[in-house]
Novice: 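One structure follows; several queries about it will come next.
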Amino acid sequence: MHETIFSFRNVRFRFPDDEQLTLTDLSFDIHRGERVVISGPSGCGKSTLVYLLNRLYPFNCDGIISGSLQLFGKDAEEYAPGEINHRIATVFQDPDSQFCMPTVEEELAFTLENLHVPREMMKQKITEVLALTGLSALRHEVIQSLSGGMKQRVAAACALVMEPEVLLLDEPISHLDPVTAKEFILWLDRLQHELDLTIFAVEHRLDLWDSFFSREIQLDRSGSIIGDKLATAHFPVLLPERASTMVPETVLKVNGMAVKSHGKELLSGLSFTANRGEIMVVAGPNGSGKSSLLKALCGIYALDAGSIQAPGIGFVPQSPEYLFLEKTVGRELAFSGIASSAQLNDLMERLRLKEIENAHPFSVSHGQKRRVATGAMLADRRTVLLMDEPTSGQDAAALHELHRLISERADEGVTFLIVTHDMEFAESLADSVLLIKDGKMTGKYPAQDVWNHAELLAEHHLLPPKGAGRLAESFA
Amino acid sequence: MRNLLHDMNPSLKFVLVALSMFAIAFFFNPLTPFIFWIGILLLQVFMSKVNWKAWSLFMLPFALGAFGYLWTTIVFAADTNGDVVWSFLEFQVTAEQLETALSLAFRVMAFSTLSLMFAFTTDPVKFIMSLMQQLKLSPKLAYGVLVGYQFLPVMKDQFQQIQQAHRLRGAELEKNALRRLLGMRRILIPMLAGAVRNAERSAFAMEARGFTGEARSDYFEVIKLRKVDAAMTAVFLLLLIASCSAEYWF
């Protein structure tokens with residue numbers, strides 16, 4: 001057996017304001033060279049675990065910890081602030097808030113300055129880590145101008161420039177689209193082999209990682225271990241198949257739509273129709289104009305050419321709270337005053353919002369916020385609903401809730417246009433798929449025709465769904 | 001030559017700007033701020049690559065302000081004794097009044113031109129780095145400002161998105177300025193909530209990379225004081241002395 005580097009013995013952790021423990025009686029050892037993943041639903045304390053290992057907690061939150069936690073055979077409390085961080089480096093989940101300097105080179109230098117590396121060695125170390133990570137071409141690029149996937153690689157390079165022994169990953173792919181995430185994982189796989197790193201990751205969606213990890217520790221909602229086993233390839237979240245409730249009645253008609261912004265053509269020549277109760281998935285590479293399409297449809301962007309015919313189009317942004325204007329959920333739905341109180345009552349009943357009617361819309365869970373936003377749109381009689389990336393960063397339970405929300409509304413005759421990269425999710429719901437590339441429409445296809453068309457999907461930076469049929473068999 | 005002001009050490013430039021402002025503030029004759037103002041303008045014309053169109057736009061409110069000072073001091077002066085140098089309608093302008101008015105107006109012009117010169121020729125990131133290296137600003141504060149600077153475009157984007165979302169809900173933009181200001185809280189609260197989250201994430205990311213806020217032993221990008229800086233200091237001081245002593249020449 002290899003050297004033990006982390007050792008947990010009955011570790012309990014709670015935040016000072018909570019009565020409940022966030023982590024309950026964790027006992028396990030991590031050995032050098034292992035690739036361990038901690039899995040569990042959102043809010044099970046996975047990230048807390050990462051913060052305990054890189055010593056951000058308990059100092060930064062006054063958390064209360066008991067039991068024994070040893071890092072490299074020494075009690076965690078004995079390390080001075082910053083002392084452990086060059087041996088245990090971290091990549092966080094949000095690509096946008098991990099950097100403090102403008103360019104890649106300066107960001108790497110920031111890390112080296114923190115470690116008091118002599119100036120003569122900085123250039124060389126930066127050159128080396130960029131060569132190792134294949135990022136040499138990005139050396140003088142401005143970080144904020146890079147794509148999410150590239151930002152995560154830069155974040156990893158910043159971790160690796162410290163020559164760590166352990167790499168902690170805090171849901172590093174949750175903000176990336178599946179193709180980019182796959183590329184990132186392959187890239188990480190190569191680096192782990194080359195550097196013989198120990199990898200300790202927390203993740204709630206393991207299907208994209210295939211057989212990257214060697215060991216999986218499962219946590220439940222209360223933060224206790226419910227399994228510690230050899231990792232196996234995961235299947236995507238199994239969502240129920242849905243029978244289409246589309247009615248042959250055209251409600252949305254888009255003709256020759258074009259959108260320009262600051263002289264740049266965002267969209268051109270889009271023509272398609274949607275029926276009542278149709279669930280249409282809009283997909284394509286990043287920057288292909290998907291979000292512009294949604295914004296143009298609901299009137300945020302003015303059309304440069306073409307026309308849109310629809311009864312009322314609503315929009316649920318990726319952050320539903322952007323829509324909120326009132327202090328309670330009930331008043332939020334009633335804001336426009338279009339729906340009668342009987343209609344509002346009925347709507348709240350159907351969206352299961354009754355129990356949070358008097359709660360502040362900012363204080364409810366993400367899934368509930370989305371239901372409130374959906375309700376607000378439906379109360380305004382907007383029966384064509386646009387959703388921007390609702391699946392991004394969602395765990396299994398959240399995906400089920402989203403699936404139910406969309407499915408039930410479609411049964412009631414609401415038409416959906418959903419932007420998503422998640423083709424498993426799309427497969428379980430979609431009646432049709434609208435593919436977009438470079439601001440132009442490749443075509444609108446019946447959903448069934450797209451899933452097996454790997455080439456077409458690859459052209460649009462999408463992965464074919466891991467067949468639900470095959471999955472059903474293996475579970476039978 | 002056209003790079004001189006841009007190449008100057010930002011901390012030194014900052015100190016010189018602050019020093020000049022402080023010194024000029026003690027002179028109440030109109031000539032000192034006037035000469036200083038013209039001097040700074042000439043420096044900018046010959047030693048910088050300023051986008052004059054943008055510069056004029058920024059200068060416009062200051063110029064209006066300066067004219068406002070000039071006008072109100074002439075018209076509403078408390079003390080109206082002395083020789084009348086100019087009269088029109090029922091206004092009688094005395095020499096003393098005119099002098100105070102011009103002094104105030106030129107002072108506004110001189111200070112705003114000086115500030116804009118600093119803003120237009122200084123890279124904010126370099127400025128912070130230089131403050132840390134030359135003026136020993138604490139890294140905790142310095143990197144805090146740098147992170148904030150990185151977030152500005154993100155915040156702008158968020159502001160637009162929330163505004164668009166609100167418009168979609170039918171929340172009309174208030175015509176009344178006060179009400180509009182009050183209505184801003186609907187946009188600012190979700191933005192602040194997001195900003196707090198982002199700030200914590202950034203702080204964690206920095207700390208996880210070994211940032212403790214203590215002084216650094218070595219900098220990757222060393223910002224030095226060079227010969228150019230000595231020369232430019234001489235130019236600034238010369239201009240400052242010339243304008244401060246202007247009264248005695250004429």
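In the text below, chain A, chain B and the rest are named by the order of the sequence lines, each starting its count at 1. Only this structure's heavy atoms are used, side chains among them; waters, hydrogens and symmetry mates stay out.
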Novice: Would you mind checking which part of A:K125 comes under 4.5 Å of any heavy atom in chain B, side chain (CB onward), backbone (N, CA, C, O), both or neither?
Specialist: neither
Novice: Between B:V222, B:I187, B:I162, which residue shows the highest count of heavy-atom pairs closer than 4.5 Å to chain A?
Specialist: B:I162
Novice: Measuring heavy-atom distances to chain B, does A:E106 have an atom under 4.5 Å in its side chain, in its backbone, in both, or in neither?
Specialist: side chain
Novice: State, without any angle test, whether A:K369 and A:S319 hold a side-chain donor-acceptor pair at a distance under 3.5 Å.
Specialist: no
Novice: For residues A:F110 and B:F211, establish whether the separation of their ring centroids is below 6.0 Å.
Specialist: yes
Novice: Go through A:T90, A:N54, A:I300 and name the one with the most non-hydrogen pairs under 4.5 angstrom from chain B.
Specialist: A:I300
Novice: Is there a donor in the side chain of A:S97 and an acceptor in the side chain of A:D94, or the other way round, less than 3.5 Å apart?
Specialist: yes
Novice: Let me know if B:A215 has heavy atoms under 4.5 Å from chain A in its side chain, its backbone, both or neither.
Specialist: backbone
Novice: Give, as side chain, backbone, both or neither, the part of B:T212 having an atom under 4.5 angstrom from any heavy atom of chain A.
Specialist: side chain
Novice: Taking A:P317, A:G299, A:P118 one by one, which has the highest count of heavy-atom pairs under 4.5 Å against chain B?
Specialist: A:P118
Novice: Which bit of A:Q98 is near chain B, if near means a heavy-atom gap under 4.5 Å: side chain, backbone, both or neither?
Specialist: both
Novice: Sort A:V117 into side chain, backbone, both or neither according to what part of it lies under 4.5 angstrom from a heavy atom of chain B.
Specialist: backbone
Novice: What about the rings of B:F58 and B:F120, do their centers lie closer together than 6.0 Å?
Specialist: yes
Novice: So for A:H86, is it side chain, backbone, both, or neither that comes closer than 4.5 Å to the heavy atoms of chain B?
Specialist: neither
Novice: Do you know which of B:A165, B:A208, B:S202 has the most heavy-atom pairs with chain A at a distance under 4.5 angstrom?
Specialist: B:A208
Novice: Between B:R216, B:M206, B:R186, which shows the greatest number of heavy-atom pairs under 4.5 Å with chain A?
Specialist: B:R216
Novice: Just give me the residue among B:R201, B:E221, B:R169 that pairs up with chain A most often, heavy atom to heavy atom, under 4.5 Å.
Specialist: B:R169
Novice: Is it true that the side chains of B:S48 and B:Q44 contain a donor and an acceptor less than 3.5 Å apart?
Specialist: no
Novice: Identify the heavy atoms of B:I223 and B:M129 that sit nearest to each other, and give their distance.
Specialist: CD1-CB, 3.6 Å
Novice: For the ring pair B:F36 and B:F106, is the centre-to-centre distance below 6.0 Å?
Specialist: no
Novice: A:M377 versus chain B, heavy atoms under 4.5 Å apart: side chain, backbone, both or neither?
Specialist: side chain
Novice: Evaluate the salt bridge (Lys or Arg N to Asp or Glu O under 4.0 Å) criterion for residues A:E171 and A:K46: first the C-alpha distance (whole Å), next the side-chain angles of each, then the deciding distance (0.1 Å), finally the verdict.
Specialist: CA-CA 9 Å; A:E171 303 188 16; A:K46 299 191 300 287; 3.5 Å; yes
Novice: Between B:P190, B:A203, B:P139, who has the most heavy-atom pairs with chain A when the cutoff is under 4.5 Å?
Specialist: B:P190
Novice: Using side-chain contact (heavy atoms from CB on, under 4.5 Å) as the criterion, list what pairs up with B:L42, not counting sequence neighbours.
Specialist: B:I38, B:F46
Novice: Taking every non-hydrogen pair under 4.5 Å, which of A:A109, A:C158, A:A89, A:C298 racks up the most with chain B?
Specialist: A:C158
Novice: B:L168, B:I189, B:N198: which one forms the most heavy-atom pairs within less than 4.5 Å of chain A?
Specialist: B:L168
Novice: Where do A:L297 and A:L386 come nearest, in terms of heavy atoms and distance?
Specialist: CB-CD1, 3.8 Å
Novice: Is A:Y57 in contact with chain B via its backbone, its side chain, both, or neither, using a 4.5 Å heavy-atom distance?
Specialist: side chain
Novice: Parallel under 30°, tilted from 30 to 60°, perpendicular over 60°: which one fits the rings of A:F92 and A:Y51?
Specialist: tilted
Novice: Contact part of B:Y149 toward chain A, heavy-atom cut-off under 4.5 Å: side chain, backbone, both or neither?
Specialist: neither
Novice: Verify the distance criterion only: is there a donor paired with an acceptor across the side chains of A:T103 and A:H140 at less than 3.5 Å?
Specialist: no
Novice: Pick one of side chain, backbone, both or neither for A:L323, based on which atoms fall under 4.5 Å of a heavy atom in chain B.
Specialist: both
Novice: Tell me which of these, A:E83, A:E321, A:E105, A:E326, has more heavy-atom pairs under 4.5 Å with chain B than the rest.
Specialist: A:E105
Novice: Please state whether the side chain, the backbone, both or neither of A:Q318 comes within less than 4.5 Å of a heavy atom of chain B.
Specialist: neither
Novice: Does a side chain donor of either B:K224 or B:N9 reach within less than 3.5 Å of an acceptor in the other side chain?
Specialist: no
Novice: Where does A:D170 contact chain B at under 4.5 Å (heavy atoms): side chain, backbone, both or neither?
Specialist: neither
Novice: Just checking, is any N or O donor in the side chain of B:Q160 or B:Q164 under 3.5 Å from an acceptor N or O on the other one?
Specialist: no
Novice: Just give me the residue among A:N114, A:L112, A:I126, A:D96 that pairs up with chain B most often, heavy atom to heavy atom, under 4.5 Å.
Specialist: A:N114
Novice: When heavy-atom pairs shorter than 4.5 Å are enumerated against chain B, which of A:I143, A:L325, A:I313 gives the highest number?
Specialist: A:L325
Novice: Can you tell me which portion of A:L168 sits under 4.5 Å from chain B's heavy atoms? Options are side chain, backbone, both or neither.
Specialist: neither
Novice: Within the 4.5 Å heavy-atom criterion, are B:F220 and A:R119 side-chain neighbours or not?
Specialist: no
